[in-house]
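To start, the structure itself, in C-alpha cells.
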Number of protein chains: 2
Amino acid sequence: MDTTQRTDQARSADRRRELLEAADRVVLRDGPGASMNAIAAEAGITKPILYRHFGDKGGLYAALAKRHTDALLDSLRAALDAPAERRERVEQTLDAYLTAIEARPQVYRFLMHPSEGGQQSEGFDVGKHSAPLLRRMGEELAQVIGDRLDLGPAGEQLARVWGHGIVGMMHAAGDWWLGERPCTRAELVRSLADLLWGRLAAAGDKVGGPGF
Amino acid sequence: MDTTQRTDQARSADRRRELLEAADRVVLRDGPGASMNAIAAEAGITKPILYRHFGDKGGLYAALAKRHTDALLDSLRAALDAPAERRERVEQTLDAYLTAIEARPQVYRFLMHPSEGGQQSEGFDVGKHSAPLLRRMGEELAQVIGDRLDLGPAGEQLARVWGHGIVGMMHAAGDWWLGERPCTRAELVRSLADLLWGRLAAAGDKVGGPGF
DNA sequence: ACTAAGGTGTTACCTATGGTAACGGCAGTT
DNA sequence: AACTGCCGTTACCATAGGTAACACCTTAGT
C-alpha cells in the first residue's frame, strides 16, 4: 500500500515535470499567448490532463513561473552573498539579473509582462505572475538590506521600500535595455550602480541651464 | 459641403469621446477584463460600433490608456518643472505620481499591469499598454535629466538609463505601497528620495553582521 | 482469478469572448 | 428623388478556456 502510493505519487510527479517541460518549450516558442491545446499537443496529450494536473491555466503558468523564479532567485542570492565589498556585490547582483534576462529573454518576458509574444492578440490573465516575481525579489532584497545595514529606527521599513524600489529599477532598466540595447551590459550595470550611489544627487547643473 | 464634413467629423469625435467615457466607467468598475459587450452595453449600443471606432480591443484600450497617460505625464511634467531645488523637485515628482495612483488605483492598475481585476480570468493582450506608459515616463525623465545635468561625455546615455531606472523604481515601489500601505505617502517619498541620494551606499554595516 | 482504486487518456461538448458580415435606417447634399 | 455617410442592428464565425462522461491500464487486496 505504501509502495503503491509512492509509485503512484512518483509517477504523477514525473508526469507533472514532463508536462511542465513541454509547457516550457511551447511558451518559449509561442510566447505567453500559448494555448492549452498547443501545450497539450506538445506534450503529446490532450487538454483535460493538463487541467487535472494544474487546475487551470493560471495554475500551469504559476507552476511554470515558480520554476524560473526560484532559479533566478537562487542566482541572485548567490551574487548578493558573495564575499566582496558592497558596491561589488550590488554590481554582481545587477549583472546576474541582466545576464539571466539576456540569456533567455522569452522566459523573463513571460515572467514579467506576460501577454506580449505570440502572433495572436489572445491572452489570458497573466498579470498575476508579474507581481509575484517582482514582489519576491523585492522582499528578498529588503531582507538582505535590513539584515546587514544599520539604518536606524525606521530601518526595517526603509529596507523594504528600497528593496522594492531597487528591484523595480533593475527590472524597468533591464526591460528597456533588452529592447533597445543602447549599451553593453557592463555599462548598464555601472550606470545603475552609479545611480544607487547618489551620482544623480551629486551631479552638477548644466552650465547655462535652468538648473535641476 | 464643408459644413457637412465638419459637422460629421465633429459628431464622430463627440461620439468617440462618449464611447471612451463609457469604456472608462466600465473598466473602472469591472477592471481591465471588461468585455467589449459590457462596454458597448454601458454606452447603450452594440459591439460593431465600438469596432468601427477603435478597430479592435487593443485600439480602444490604447485610446483609453493614452488619455490617462497624457494626463499623468502632464502632472509629472509640472512637478518636474517647478521652481525649486533638485531634491525638492524629485520629491514633488514622486509625490505627484503616488498621489495619482493613490487617487485612482483602478486606472493605474489598468495602465500598468492590466489584466488583473475582473472576476473572470479572461483577458486579452494588455501587456502592450504597460510598456508605453513606463517607457514614455522613462524617456521623459531621461530628457529632463539629460537637459539639465552635466554628466560628462556619456551623459546622454546615463540619463536614459537613469530615467528608465528611476521610473521603474517609482513604479514598483508605488505598486507595492499601494498594495500593502506600509507607511504614509510622505514617508515613502522621503525613503525613495533618500535612496536616490545615495543613502544606501552611505549606510553603515550593522554591528556584528557579515557586512554588506 | 476477480474486483476495486486510482492514475492516464480520449471525444465531445459548453460558455464566453473578440471580431465580422450583411442588412436597415436616418440625416444632409446635390 | 437619388446619393453619400454615419449610426445602429441581428446574426454569425472562430477560438480559447474549461468540463463531463466514458474507456483503459496497472496495481493492491480478496
Side-chain angles (χ1 to χ4, degrees), chain A residues 1-19 22-23 26-27 30-62 64 114-115 117-126 128, chain B residues 1-19 22-23 26-27 30-62 64 114-115 118-128:
Chain A
M1 177 220 206
D2 258 338
T3 64
T4 306
Q5 289 192 356
R6 289 280 292 269
T7 55
D8 278 8
Q9 282 185 342
R11 289 213 306 187
S12 189
D14 282 358
R15 202 81 190 89
R16 185 188 169 94
R17 220 171 307 137
E18 282 180 34
L19 298 183
V26 177
V27 167
D30 297 355
S35 79
M36 292 299 268
N37 257 328
I39 294 174
E42 168 74 27
I45 52 160
T46 50
K47 277 194 297 177
I49 303 179
L50 285 181
Y51 284 98
R52 276 217 272 269
H53 273 275
F54 303 102
D56 62 355
K57 190 165 186 169
L60 207 189
Y61 275 47
L64 215 50
S115 46
Q119 53 276 27
Q120 309 279 22
S121 68
E122 308 303 330
F124 91 115
D125 203 355
V126 212
K128 298 281 171 45
Chain B
M1 182 237 231
D2 259 338
T3 62
T4 305
Q5 290 192 354
R6 290 280 292 268
T7 55
D8 278 8
Q9 281 185 341
R11 289 211 308 187
S12 188
D14 283 357
R15 200 85 192 87
R16 186 189 168 92
R17 219 172 307 137
E18 282 179 34
L19 298 184
V26 177
V27 167
D30 297 356
S35 80
M36 293 299 266
N37 256 328
I39 295 174
E42 168 75 28
I45 53 161
T46 50
K47 277 194 298 177
I49 303 180
L50 284 181
Y51 285 97
R52 276 218 270 270
H53 273 275
F54 302 102
D56 63 354
K57 191 164 186 170
L60 207 190
Y61 276 48
L64 215 50
S115 47
Q119 54 277 24
Q120 309 279 23
S121 68
E122 307 305 330
F124 89 115
D125 205 354
V126 212
K128 299 281 171 48

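All chains are named by letter (A, B, ...) in the order of the sequence lines, taking the proteins before the strands, and each is independently numbered beginning at 1. Values in this document were obtained by computation on a predicted structure and should not be read as measured data.
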How close do [X] and [Y] get, counting heavy atoms only, and between which atoms?
| X | Y | answer |
| --- | --- | --- |
| B:Arg16 | B:His53 | NH1-O, 3.4 Å |
| B:Leu19 | B:Phe54 | CB-CE1, 4.0 Å |
| B:Tyr61 | B:Val27 | OH-CG2, 4.0 Å |

Please state how far atom [atom1] in [X] lies from atom [atom2] in [N], giving the value in whole angstrom units.
| X | N | atom1 | atom2 | value |
| --- | --- | --- | --- | --- |
| B:Glu18 | D:dC7 | CD | P | 11 Å |
| B:Asp30 | C:dA16 | CG | P | 15 Å |
| A:Asp14 | C:dG7 | CG | C1' | 13 Å |
| B:Lys57 | C:dG19 | NZ | P | 8 Å |
| A:Ile49 | C:dG6 | CD1 | P | 19 Å |
| B:Tyr61 | C:dT17 | OH | P | 11 Å |
| A:Asn37 | C:dA12 | CG | C1' | 13 Å |
| A:Leu50 | D:dT19 | CG | P | 13 Å |

Please output the side-chain donor-acceptor pairs of residues 34-46 of chain B that fall under 3.5 Å, not counting sequence neighbours, one pair per line with the distance.
from: B:Ser35; atom 1: OG; to: B:Asn37; atom 2: N; distance (Å): 3.4
from: B:Ser35; atom 1: OG; to: B:Ala38; atom 2: N; distance (Å): 3.0
from: B:Glu42; atom 1: OE1; to: B:Arg29; atom 2: NH2; distance (Å): 3.1
from: B:Glu42; atom 1: OE2; to: B:Arg25; atom 2: NE; distance (Å): 2.6
from: B:Glu42; atom 1: OE2; to: B:Arg25; atom 2: NH2; distance (Å): 3.2

Quiz item: What residues in residues 38-46 of chain A put a non-hydrogen atom under 4.0 Å from any atom of DNA chain D?
Solution: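 Of all residues in residues 38-46 of chain A, none places a heavy atom under 4.0 Å from DNA chain D.
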Atom pairs under 3.5 Å: protein N/O with N/O of nucleotides 20-27 of chain C:
none

Quiz item: Got a sec, which residues hit side chain to side chain contact (heavy atoms under 4.5 Å, CB included) with B:Arg52, two or more places apart in sequence or on another chain?
Solution: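 B:Arg52 satisfies side chain to side chain contact (heavy atoms under 4.5 Å, CB included) with no other residue.
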Quiz item: Between B:His53 and D:dC6, is there a side-chain N or O to OP1/OP2 distance below 4.0 Å?
Solution: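 Result: no.
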Self-check item: Closest listed nucleotide, where the reference is the side chain of B:Met36 and the choices are C:dG18, C:dT8, D:dT9
Solution: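 Nearest to the side chain of B:Met36 among the choices is C:dG18.
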